[in-house]
Amino acid sequence: MKKIVLCIVGIYSFTLLSAQCLTDSVKVGKKNSLCLSTTNNFSKNLDKFSSSRFCQMTYIGVPLVIGGIVVKSEDDHFRSLRNDYLPQFNHHADDYLQYAPAVVMLGMKALGVKGRSSWGRMLVSDAFSALLMGGVVNTLKRTTNVERPDGSNRHSFPSGHTATAFMTATMFNKEYGHKSPWIGVGAYGMATATGLMRMANNKHWLSDVLTGAGIGILSTEIGYYLADLIFKEKGIDRFANEDMFDRMEKPSFLSLYLGLNIPLSGYDIDEQTEFSTSSGSSAGVEGAYFFNPYIGLGGRFAVSNTSIIVNNDKAENNTFDAVSVCGGSYFSYPLSSRWLIGSKLLGGYVHYPQLKLTDRTISARGGFCMGSGVSLTFKAKEHYGIRFFFDYNLMPSHSKGSSEWMNTLTCGASIVIGL
């Protein structure tokens with residue numbers, strides 16, 4: 001327990017000391033502050049790389065594809081999460097939602113709303129994007145032969161619906177994202193909903209959806225890059241300072257929470273039975289309001305699902321579920337105008353539904369939980385970016401007959417909406 005407390009306190013102290021360093025250096029003045037000078041040089045170099053065309057084209061697409069490959073071995077856990085909470089889900093809105101951003105984009109263009117590109121340049125850019133996306137998706141579907149979760153065919157990997165949704169969302173954002181930050185938020189929100197519905201409909205694994213999203217974004221970025229090489233400055237409108245950010249802006253955010261659980265401990269249900277869990281998954285939402293660039297208040301709602309192991313050698317058919325609501329302090333430190341590191345200290349309530357094992361039933365139970373975590377956020381645009389996190393959670397045991405606590409580590413990534 002002492003190690004756990006030291007870990008949480010260490011994260012807390014690191015964030016506050018980093019924030020204090022920057023605050024004190026600003027008070028002293030630029031000429032007399034080595035801390036500020038070093039920070040400024042580091043920030044400029046970091047932002048220079050982050051603002052490059054290559055980084056802007058790949059910062060989300062590549063991590064999504066890599067993430068899809070990495071989580072492939074954990075697909076069963078995320079499918080179990082769907083089966084536990086949405087076993088009867090069967091809706092077909094995703095068949096139409098994938099095209100929604102493109103329909104809105106074309107409608108605005110037809111109504112004369114001025115966007116990034118002329119009609120000709122936009123259509124060529126979009127044609128390149130669609131050809132690239134379709135070619136990659138169909139080639140992978142035919143060569144990988146991954147069976148769908150519902151067993152209907154072997155064309156699961158990657159998700160074509162999700163690739164199309166993120167391709168059209170990226171097109172819409174490129175053409176009209178400068179009008180309002182909520183255009184990008186809305187476009188990628190519809191794309192994310194499409195991917196989630198493909199999993200809820202039991203048509204795709206998580207790895208299919210992540211890889212499809214990455215392919216859709218990368219195809220559009222490459223498609224627009226090729227069109228830019230052809231048209232150069234013809235038929236395009238540039239918007240000054242569209243990618244300029246204030247480093248000291250309050251980093252309030254809302255994000256979709258999606259991660260892999262790594263159990264760090266187990267506990268004894270009774271004197272004869274030891275209960276432990278294997279790796280699993282978590283999904284939910286998280287957000288925080290910041291009062292200044294460093295400190296804020298927020299919370300997280302998450303559902304988790306992990307496989308059960310009893311006495312080290314018996315895998316149970318049922319899974320260990322938990323629903324948690326936590327709140328507390330959030331901390332942030334701006335490495336540059338685009339990159340931020342963060343941490344948090346949370347406390348809250350966790351509820352365990354009734355758990356049925358082979359030889360017994362463990363009643364539903366709730367209790368106090370707490371945790372911490374570290375994160376790295378990249379701001380792609382003023383109001384959205386990508387966030388990588390490692391969260392540590394300390395939770396009470398499911399069984400009333402045990403006084404031991406469970407320790408878990410959750411690692412993942414999420415799309416962040418800046419508020």
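Atoms considered below: every heavy atom in the structure, side chains included; atoms not considered: hydrogens, waters and symmetry mates. For this chain, numbers begin at 1 and follow the sequence in order.
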Practice problem: Taking all non-hydrogen atoms of both residues into account, name the closest pair between Arg148 and His155 and its distance. | Solution: NH2-O, 3.4 Å
Self-check item: Donor + acceptor pair across side chains of Asn261, Thr408 (<3.5 Å)
Solution: no
Practice problem: Compare all side-chain heavy atoms of Leu340 with those of Leu335 and state whether any distance is below 4.5 angstrom. | Solution: no
Exercise. Could you check Arg79 against Asp75 for side-chain contact (heavy atoms from CB on, under 4.5 Å), going step by step and ending with a plain yes or no?
Key: CA-CA 6 Å; Arg79 189 195 179 201; Asp75 276 337; over 6 Å; no
Quiz item: Are any side-chain N or O atoms of Ser336 and backbone N or O atoms of Arg247, one a donor and one an acceptor, separated by less than 3.5 Å?
Solution: no
Quiz item: Is the side chain of His204 donor-acceptor paired with the backbone N or O of Ser156 at a distance under 3.5 Å, no angle test?
Solution: yes
Quiz item: Given Thr58 and Glu221, is the side-chain contact (heavy atoms from CB on, under 4.5 Å) satisfied, shown in steps?
Solution: CA-CA 8 Å; Thr58 60; Glu221 293 290 352; over 6 Å; no
Quiz item: Can you list the steps and then say if Glu286 with Leu256 is a side-chain contact (heavy atoms from CB on, under 4.5 Å)?
Solution: CA-CA 6 Å; Glu286 184 175 23; Leu256 179 68; over 6 Å; no
Practice problem: Could you walk me through whether Lys379 and Glu249 pass salt bridge (charged side-chain N to carboxylate O under 4.0 Å, His left out), step by step? | Solution: CA-CA 12 Å; Lys379 292 175 61 177; Glu249 187 178 53; 3.1 Å; yes
Quiz item: Rounded to the nearest 0.5 Å, how far does OH of Tyr330 lie from OG of Ser252?
Solution: 12.0 Å
Quiz prompt | Any side-chain donor near an acceptor of the partner, His91 and Asn201, under 3.5 Å | solution = no
Exercise. In sequence, state the C-alpha distance, the side-chain angles, and the governing distance for Asp228 and Arg116, and then conclude on salt bridge (charged side-chain N to carboxylate O under 4.0 Å, His left out).
Key: CA-CA 12 Å; Asp228 288 348; Arg116 173 187 186 270; 3.1 Å; yes
Quiz prompt | Interatomic distance, Phe388 atom CZ to Ser375 atom OG [nearest 0.5 angstrom] | solution = 11.0 Å
Practice problem: Quick one: pull up OG in Ser255 and CD1 in Ile386 and give me the separation to the nearest 0.5 Å. | Solution: 11.0 Å
Quiz item: Going by heavy atoms in the side chains, are Leu218 and Val65 under 4.5 Å from each other?
Solution: yes
Self-check item: Distance, nearest 0.5 Å, that separates CG of Leu260 from SG of Cys411
Solution: 5.0 Å
Quiz item: Where do Arg198 and Ser159 come nearest, in terms of heavy atoms and distance?
Solution: CG-OG, 4.1 Å
Self-check item: Heavy-atom closest pair, residues Gly212 and Pro158
Solution: N-CB, 3.9 Å
Quiz prompt | Close side-chain approach of Leu264 and Tyr392, heavy atoms under 4.5 Å | solution = yes
Exercise. Examine distances only and state if a side-chain atom of Asn292 and a backbone atom of Ile295 form a donor-acceptor pair shorter than 3.5 Å.
Key: yes
Practice problem: Identify the two heavy atoms, one from Asn145 and one from Arg154, that lie closest to each other, and give their separation to 0.1 Å. | Solution: O-NH2, 2.9 Å
Practice problem: Show your reasoning for whether side-chain contact (heavy atoms from CB on, under 4.5 Å) applies to Phe172 and Ile183. | Solution: CA-CA 8 Å; Phe172 188 21; Ile183 287 180; 3.8 Å; yes
Quiz item: Which word best sums up how the rings of Tyr188 and Phe166 line up, parallel for under 30°, tilted for 30 to 60°, or perpendicular for over 60°?
Solution: tilted
Quiz prompt | For the student: nearest non-hydrogen atoms of Lys109 and Gly115, plus distance | solution = NZ-N, 4.2 Å
Quiz item: So, do Arg387 and Val416 sit near enough that their side-chain heavy atoms are less than 4.5 Å apart?
Solution: yes
Quiz item: Looking only at atom types and distance, does a side-chain atom of Ser219 sit under 3.5 Å from a main-chain N or O of Gly216, one as donor and one as acceptor?
Solution: no
Quiz item: Side chains of Trp205 and Met199: does their closest heavy-atom pair fall under 4.5 Å?
Solution: no
Practice problem: Report, as yes or no, whether the 6.0 Å neighbourhood of atom CZ on Phe231 holds more than 12 heavy atoms from other residues, nucleotides or ligands. | Solution: yes
Quiz item: Can you tell if the side chain of Val323 reaches within under 4.5 Å of the side chain of Val350, non-hydrogen atoms only?
Solution: no
Quiz item: Any cation-pi pair here, Arg300 with Tyr257, using under 6.0 Å and within 45°?
Solution: yes
Quiz prompt | Spatial distance of atom CD1 (Ile215) from atom OG1 (Thr220) [nearest 0.5 Å] | solution = 11.5 Å
Quiz prompt | Lys/Arg cation over aromatic Phe331: Lys344, 6.0 Å, 45° cone | solution = no
Quiz item: So how far is it from Lys203 NZ to Asn90 CG, rounded to the nearest 0.5 Å?
Solution: 8.5 Å
Quiz item: Do Tyr352 and Ser397 touch side chain to side chain, with heavy atoms closer than 4.5 Å?
Solution: no
Self-check item: Closest non-hydrogen atom pair between Tyr176 and Met105, with its separation
Solution: CE1-O, 3.8 Å
Exercise. Could you verify whether a donor N or O on one side chain and an acceptor N or O on the other, from Glu175 and Ser117, lie under 3.5 Å apart?
Key: yes
Quiz item: Do Cys369 and Tyr349 have side chains that get closer than 4.5 Å, going by heavy atoms?
Solution: no
Exercise. State yes or no: are the ring centers of Phe291 and Tyr289 separated by less than 6.0 Å?
Key: yes
Quiz prompt | Plane angle bin for Phe253 and Phe290 - parallel if under 30°, tilted between 30 and 60°, otherwise perpendicular | solution = tilted
Practice problem: Is it possible for you to check whether Lys72 lies under 6.0 Å from the centre of the six-membered ring of Phe157, through NZ or CZ, and within 45° of that ring's axis? | Solution: yes
